[in-house]
Engineer: 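Okay, handing you the structure first.
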Protein chains: 2
Amino acid sequence: MESRCENCIIRQFNSLRAMSKEELKKVSDSKTTKKIKKGDPLFEEGDKLNGVYCVRDGVSKLSKLSANGKDQIVKLATKGEVIGQRSVIAEESTNLSATAVNDMEVCFIPKESIIHTLHKNPDFTLEVLRHMAHDLKEADDVIVNMSQKTVKQRIAEAFLYLKNNFGEDEEGFLALTLSREDISNVVGTATESAIRIISEFKKKGLIHTSGKRIGIKNERKLVELVEGF
Amino acid sequence: MESRCENCIIRQFNSLRAMSKEELKKVSDSKTTKKIKKGDPLFEEGDKLNGVYCVRDGVSKLSKLSANGKDQIVKLATKGEVIGQRSVIAEESTNLSATAVNDMEVCFIPKESIIHTLHKNPDFTLEVLRHMAHDLKEADDVIVNMSQKTVKQRIAEAFLYLKNNFGEDEEGFLALTLSREDISNVVGTATESAIRIISEFKKKGLIHTSGKRIGIKNERKLVELVEGF
DNA sequence: ATCAATAACTGATAAATGTCATATTTTTAG
DNA sequence: CTAAAAATATGACATTTATCAGTTATTGAT
């Protein structure tokens, strides 16, 4: 199921769209497509990356291990996003681990073709820069949320985020199902605390659950909660 | 005291060093030098920036107001750093406020010369990209610290950070003096909590104080505390 | 130098969150 | 399908952190 980058729709959503025909050809010739099973790593914190990963399908969590042994999820990367750019550009080993949250299909693009284009094609470089500027802004927002909002607010926000970014299935559950542990690692709290708050939300009729799946029942109240009522 | 960017030492520390002679000339001709008094703003959250600020002297805090009315300081920018790049590049209004922590001298560079160079000089763009990649990594670290470390650990870390990045004066106090409120806004806690922990550190002989000035007395123990003992 | 304003500090208490222990449910492997 | 493993759930309690109320110290303007 090998296909050409030139024809890849995914590309429209990331910085590769700023590449020239020839550059894209080179990328396409050097790339390899990989399937990664749910729970398997794309790479681990500290690895030297020889390229970047372009997500064709599935979701990856980017996380960092803290001193107390807990993972903090910093970002969820989905279809169209490029993972690993930061460390390739900074020429450092990666500061984050990437793990498949569900079955994934990714293209691995060796760093040479990326770096070469970064030096030659300012449109591409600027496009990458714009994406990184966006990520930085989001990171700033996360910092503020982490330090100024309660766990309850952060969990409510996480559910809204999941709805807005990954949507819902036919039955009205969030399309991306995270384990309670992953949820707690996104909001930065103990798993038990997250579970407790989920139970509370359920009792109050803000959400409904079925197994590990969660559906939003009263979006408005969740929003109010996030804003601080 | 107007001087030319071409001769500015500060430039060596930021992305402007990747500019060509002519580009630098254009920047130098269009820039203006400003003095900003301690406590005064460079810009406020939501402002549209018409350029970037290059810090020649002094320190600026970059902060974001949270829903509960507290400021969260996201970064301290010092000599050599360029402020406001992110929003100029993303062509958005700024997500942060910048305020002078002490008397500052900055150069304001209109965005036109920056943007023009971003489109024409890939070396410059890549250099800016590298700086932003660095900022993003630091932001990731802050997220992990905020969510996984106790207030005590974060305060200890803040003192070590201040020592490593701004040094100490002749009397052994941290060269950059922040108010207790600013300290609490850096680590994301209530001012009273920060004060309490500072008192505790003092009692335990980790630091010494004189007015609002703080000096590190037992760096090793502070480091141990941060790592979690 | 003096006084008003601001910042730093302390105590008491409430609220939020983490930890540990254990029960229950769901998922997975064979 | 079933047993074992893993994940979810809940209770009791400890710890951390915030809030409110008030005092003391420092700073800045006249």
Side-chain angles (χ1 to χ4, degrees), chain A residues 37-40 66-72 101-103 145-156 158 173-174 177-204 207-215 225-226 228-229, chain B residues 37-40 66-72 101-103 145-156 158 173-174 177-204 207-215 225-226 228-229:
Chain A
K37 282 227 190 74
K38 175 178 175 175
D40 285 350
S66 73
N68 60 36
K70 285 206 63 167
D71 257 336
Q72 174 65 38
V101 172
N102 43 33
D103 289 348
N145 283 341
M146 283 295 172
S147 56
Q148 307 285 359
K149 289 194 173 144
T150 64
V151 174
K152 215 172 281 186
Q153 290 176 310
R154 269 138 59 199
I155 290 186
F173 291 104
L174 294 171
T177 302
L178 294 177
S179 70
R180 303 296 194 252
E181 190 181 1
D182 277 345
I183 293 174
S184 74
N185 289 345
V186 166
V187 304
T189 191
T191 306
E192 297 95 322
S193 299
I195 289 175
R196 235 179 275 278
I197 289 168
I198 290 170
S199 299
E200 188 191 325
F201 282 2
K202 199 170 149 184
K203 258 182 219 146
K204 289 188 177 161
I207 60 173
H208 57 111
T209 69
S210 164
K212 54 170 48 178
R213 290 184 304 165
I214 290 173
L225 209 163
V226 172
F229 290 101
Chain B
K37 284 231 188 72
K38 175 177 172 172
D40 284 349
S66 72
N68 60 37
K70 286 207 63 167
D71 257 336
Q72 174 66 38
V101 172
N102 43 34
D103 289 348
N145 283 340
M146 283 296 173
S147 56
Q148 306 285 359
K149 290 194 174 144
T150 64
V151 174
K152 214 172 281 184
Q153 290 177 309
R154 268 138 57 198
I155 290 186
F173 291 103
L174 294 171
T177 301
L178 294 177
S179 70
R180 301 297 193 252
E181 191 181 1
D182 276 345
I183 293 175
S184 74
N185 289 345
V186 166
V187 303
T189 190
T191 306
E192 297 96 320
S193 299
I195 289 175
R196 235 179 276 278
I197 288 169
I198 289 170
S199 300
E200 188 192 324
F201 282 2
K202 201 169 149 185
K203 259 182 217 146
K204 290 189 176 159
I207 61 173
H208 56 111
T209 70
S210 165
K212 55 169 50 176
R213 290 185 304 165
I214 290 174
L225 210 164
V226 172
F229 291 102

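Reminder, nothing fancy here: chain letters follow the sequence lines and each chain counts from 1.
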Engineer: Any heavy-atom pair between the side chains of Lys149(A) and Val226(A) that's under 4.5 Å?
Structural biologist: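 Side-chain contact under 4.5 Å: yes.
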
Engineer: Could you pull out the closest heavy-atom pair between Asn145(B) and Arg154(B), with the gap in Å?
Structural biologist: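 Looks like O-CD, 3.4 Å.
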
Engineer: For DNA chain D, find the residues of residues 186-197 of chain B with a heavy-atom distance under 4.0 Å and give them by number; none if there aren't any.
Structural biologist: Thr189(B), Ala190(B), Glu192(B), Ser193(B), Arg196(B)

Engineer: Restricting both atoms to N or O, compile the protein contacts to nucleotides 22-29 of chain D shorter than 3.5 Å, with distance only.
Structural biologist:
none

Engineer: Is the side chain of Thr150(B) donor-acceptor paired with the backbone N or O of Gln153(B) at a distance under 3.5 Å, no angle test?
Structural biologist: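 Yes, the answer is positive, given that a donor and an acceptor are paired below the 3.5 Å cut-off.
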
Engineer: Return the value, rounded to whole Å, for the distance between atom CD1 of Ile207(B) and atom C1' of dC9(C).
Structural biologist: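 Interatomic distance, CD1 of Ile207(B) to C1' of dC9(C): 13 Å.
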
Engineer: Check whether any side-chain N or O of Arg180(B) sits under 3.5 Å from a backbone N or O of Lys212(B) as a donor-acceptor pair, and report yes or no.
Structural biologist: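 Such a contact is found between Arg180(B) side chain and Lys212(B) backbone.
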
Engineer: OG/Ser179(B) to CG/Asn185(B) distance, rounded to the nearest 0.5 angstrom?
Structural biologist: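 If I round to the nearest 0.5 Å, the distance is 7.5 Å.
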
Engineer: Which nucleotide wins on minimum distance to the side chain of Ser179(B), given the candidates dT8(D), dA8(C), dA9(D)?
Structural biologist: dA8(C)

Engineer: Within this structure, what is the CG-to-P distance between Asn185(B) and dA8(C), rounded to whole angstrom?
Structural biologist: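 Atom CG in Asn185(B) sits about 11 Å away from atom P in dA8(C).
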
Engineer: Rounded to whole angstrom units, what separation is found between the CD atom of Glu200(A) and the P atom of dT10(D)?
Structural biologist: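 It is 12 Å, rounded to the nearest whole Å.
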
Engineer: Can you sort out which residues in residues 146-154 of chain A have a heavy atom within less than 4.0 Å of DNA chain C? Ascending by number, please.
Structural biologist: Thr150(A), Val151(A)

Engineer: Tell me the interatomic distance from Asn68(B), atom CG, to dC20(D), atom P, rounded to whole angstroms.
Structural biologist: 12 Å

Engineer: Going through the checks in order, is the side chain to side chain contact (heavy atoms under 4.5 Å, CB included) test met by Met146(A) and Ser147(B)?
Structural biologist: CA-CA 6 Å; Met146(A) 283 295 172; Ser147(B) 56; 3.7 Å; yes

Engineer: Can you tell me how far apart CZ (Phe201(A)) and CD1 (Ile214(A)) are? Round to the nearest 0.5 Å.
Structural biologist: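 Output value for this atom pair is 10.0 Å.
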
Engineer: Whole-Å distance between dT27(C) C1' and Asn102(A) CG?
Structural biologist: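 After rounding, the reported distance stands at 17 Å.
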
Engineer: To the nearest 0.5 Å, how far apart are CD1 in Ile198(A) and OG1 in Thr209(A)?
Structural biologist: 8.5 Å

Engineer: Would you say the side-chain atoms of Ser210(A) pair up with the backbone N or O of Arg213(A), donor to acceptor, closer than 3.5 Å?
Structural biologist: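 A pair under 3.5 Å: no.
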
Engineer: Taking the side chain from Asn68(B) and the backbone from Gln148(A), do they hold a donor-acceptor pair closer than 3.5 Å?
Structural biologist: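 Here the side-chain-to-backbone pair exists.
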
Engineer: Using only atom types and a distance under 3.5 Å, with no angle test, would you say the side chain of Lys70(A) pairs donor to acceptor with the backbone of Thr189(A)?
Structural biologist: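 Here the side-chain-to-backbone pair exists.
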
Engineer: May I have the distance from Ile183(B) (atom CD1) to dA7(C) (atom C1'), rounded to whole angstrom?
Structural biologist: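 Value for this atom pair: 12 Å.
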
Engineer: Take atom CG of Leu178(B) and atom C1' of dA7(C), then tell me their distance rounded to the nearest Å.
Structural biologist: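 Interatomic distance, CG of Leu178(B) to C1' of dA7(C): 14 Å.
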
Engineer: Quick one: Asp182(A) CG to dA7(D) P, roughly how many Å, whole number?
Structural biologist: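 Checked: the CG to P distance equals 10 Å.
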
